[in-house]
Amino acid sequence: MDAEARHLALSLSLLFVLFRLSFSDDASDAATLLKFKDSVADPSGSLDGWTQNSGPCREPKWAGIICNGDGEVYGLQLENMGLSGPLNLGPLTDLPSIRTLSFSNNRFTGPMPGVRDFKGLKNVYLSANNFTGGIRDDAFDGMRSLKKVVLSRNKFSGRIPSSLVLVNSLSELWVDYNGFDGQIPNFQQSDLQVVNVSNNNLEGSIPPRLSAMDPSMFAGGEAK
Ligand SMILES: *[C@@H]1O[C@H](CO)[C@@H](O)[C@H](O)[C@H]1NC(C)=O
Ligand SMILES: *[C@@H]1O[C@H](CO)[C@@H](O)[C@H](O)[C@H]1NC(C)=O
């Protein structure tokens with residue numbers, strides 16, 4: 001081959017590789033999401049449009065999937081879909097671009113799903129389900145991008161996990177209407193705007209960093 005032919009062959013194969021890469025992104029995101037779909041109970045068929053021969057970010061996009069400008073899955077917004085059973089987020093950690101997860105207003109049961117393996121996660125919404133039991137103290141260890149954690153209106157109990165104190169990026173924490181007990185952890189993060197712990201069984205004193213916040217966030221408990 002002369003230089004020009006070699007150059008052409010190289011350009012063509014590069015083009016081919018690029019095409020394969022962008023296509024296989026969508027295909028591997030699809031495979032990951034289908035694995036997740038198999039793991040949840042979906043009695044009203046809300047996820048029926050998630051099928052093998054379509055793609056989450058190709059038109060028509062899959063229900064409840066948010067995509068970024070590069071056609072990668074940025075978020076799941078599976079709200080009000082009648083989904084039930086335990087929630088296992090394990091399969092979704094294969095989605096590298098995931099930043100937001102919302103499962104509010106469903107009928108999920110069982111323990112708090114693990115979220116700390118989502119290193120880039122910014123928002124997690126689990127409110128208004130039937131999650132139960134304690135949350136591991138280290139549940140939020142090492143999360144550096146997390147801004148908003150919404151666990152309102154479930155049946156969580158035990159202590160508010162202390163690993164939240166070390167999440168520097170945290171701006172909103174909602175745990176209202178659960179069965180948390182013990183003391184409010186000593187939050188000190190400067191970006192905190194909301195720490196709503198109302199309607200739990202908390203006691204002790206309100207940490208100084210939170211004392212200027214709206215009193216309704218501490219109502220319905222013994223903490224003062
Ligand atoms: C939670 O469970 C209770 C009783 O087990 C039930 O009455 C309620 O509807 C459930 N709530 C949700 C959101 O599934
Ligand atoms: C805190 O949550 C309670 C219960 O959901 C609500 O009534 C109250 O308005 C909230 N406070 C703030 C400041 O968001």
Side-chain angles (χ1 to χ4, degrees), residues 36-48 63-64 75-89 92 100-115 122-135 139-140 146-162 164-165 167-224:
F36 169 74
K37 177 190 171 186
D38 280 346
S39 77
V40 302
D42 177 19
S44 34
S46 303
L47 308 180
D48 283 357
L76 268 68
Q77 191 169 17
L78 307 182
E79 298 170 357
N80 282 305
M81 288 184 160
L83 306 174
S84 59
L87 181 58
N88 173 15
L89 301 178
L92 299 179
T100 182
L101 289 170
S102 178
F103 301 97
S104 290
N105 290 299
N106 285 287
R107 314 189 133 257
F108 286 111
T109 53
M112 161 92 189
V115 295
K122 291 185 173 164
N123 308 301
V124 55
Y125 300 85
L126 300 173
S127 47
N129 281 281
N130 258 335
F131 291 111
T132 51
I135 302 180
F140 300 92
L146 199 58
K147 287 184 154 35
K148 217 166 159 179
V149 177
V150 183
L151 309 179
S152 315
R153 294 176 192 268
N154 282 286
K155 292 174 182 151
F156 289 121
S157 55
R159 302 297 154 100
I160 296 174
S162 64
L164 282 167
V165 165
V167 178
N168 283 323
S169 48
L170 195 65
S171 85
E172 291 191 26
L173 173 67
W174 294 79
V175 301
D176 50 308
Y177 287 107
N178 278 285
F180 288 109
D181 60 26
Q183 305 224 0
I184 304 171
N186 190 15
F187 292 102
Q188 304 192 24
Q189 296 98 312
S190 53
D191 289 342
L192 270 178
Q193 282 158 11
V194 173
V195 176
N196 197 324
V197 299
S198 71
N199 299 287
N200 283 281
N201 307 313
L202 298 162
E203 57 188 26
S205 54
I206 295 170
R209 170 69 185 82
L210 312 183
S211 59
M213 289 185 176
D214 187 314
S216 71
M217 299 201 279
F218 309 100
E222 297 297 314
K224 39 189 159 320

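Positions are given from 1 along the sequence. As the structure lists them, so they are numbered: ligands from 1, and atoms in each ligand from 1. Everything numeric here is computed off the predicted structure, so don't read it as measured data. Excluded from the calculations below are hydrogen atoms, water molecules and symmetry mates; all remaining heavy atoms, backbone and side chain alike, are included.
- Taking a cutoff of 4.0 Å between a charged side-chain nitrogen and a carboxylate oxygen, D42 and K37 do not qualify as a salt bridge.
- Distances below 4.0 Å separate heavy atoms of D214 from the following atoms of ligand 2: 13 (C).
- Under 4.0 Å from any atom of ligand 1, one finds heavy atoms of residues N106, R107, N130, K155.
- The contact set between ligand 2 and S198, taken as ligand atoms under 4.0 Å from a residue heavy atom, comprises 1 (C), 2 (O), 3 (C), 4 (C).
- Side-chain atoms of D191 and S171 include no donor-acceptor pair closer than 3.5 Å.
- Near M217, the atoms of ligand 2 lying under 4.0 angstrom from a non-hydrogen atom of the residue are 11 (N), 12 (C), 13 (C).
- Although no hydrogens or angles enter the test, the distance criterion places a donor-acceptor pair under 3.5 Å between the side chain of N129 and the main chain of N106.
- A cation-pi arrangement is absent between R209 and F187 under the rule of less than 6.0 angstrom and at most 45 degrees off the ring axis.
- For ligand 2, the atoms closer than 4.0 angstrom to any heavy atom of Y177 are 4 (C), 5 (O).
- Side-chain contact check for K155 and N178: no donor-acceptor pair (N or O, by modelled atom type) lies under 3.5 Å.
- The distance from ligand 2 to the heavy atoms of W174 drops below 4.0 Å at these ligand atoms: 14 (O).
- Interface atoms of ligand 2 facing N196, defined by a heavy-atom separation under 4.0 Å, are 1 (C), 2 (O), 3 (C), 8 (C), 10 (C), 11 (N), 12 (C), 14 (O).
- Not counting sequence neighbours, E203 has no partner by the salt bridge (Lys or Arg N to Asp or Glu O under 4.0 Å) test.
- The CD1 atom of I160 sits 9.0 Å away from atom CD1 of I135, with the distance rounded to the nearest 0.5 Å.
- Donor-acceptor pairing under 3.5 Å is recorded for the side chains of E79 and S102.
- Using cut-offs of 30° and 60° for the angle between ring planes, the F131 and F156 rings count as parallel.
- An N or O contact shorter than 3.5 Å is missing between N199 and ligand 2 by distance.
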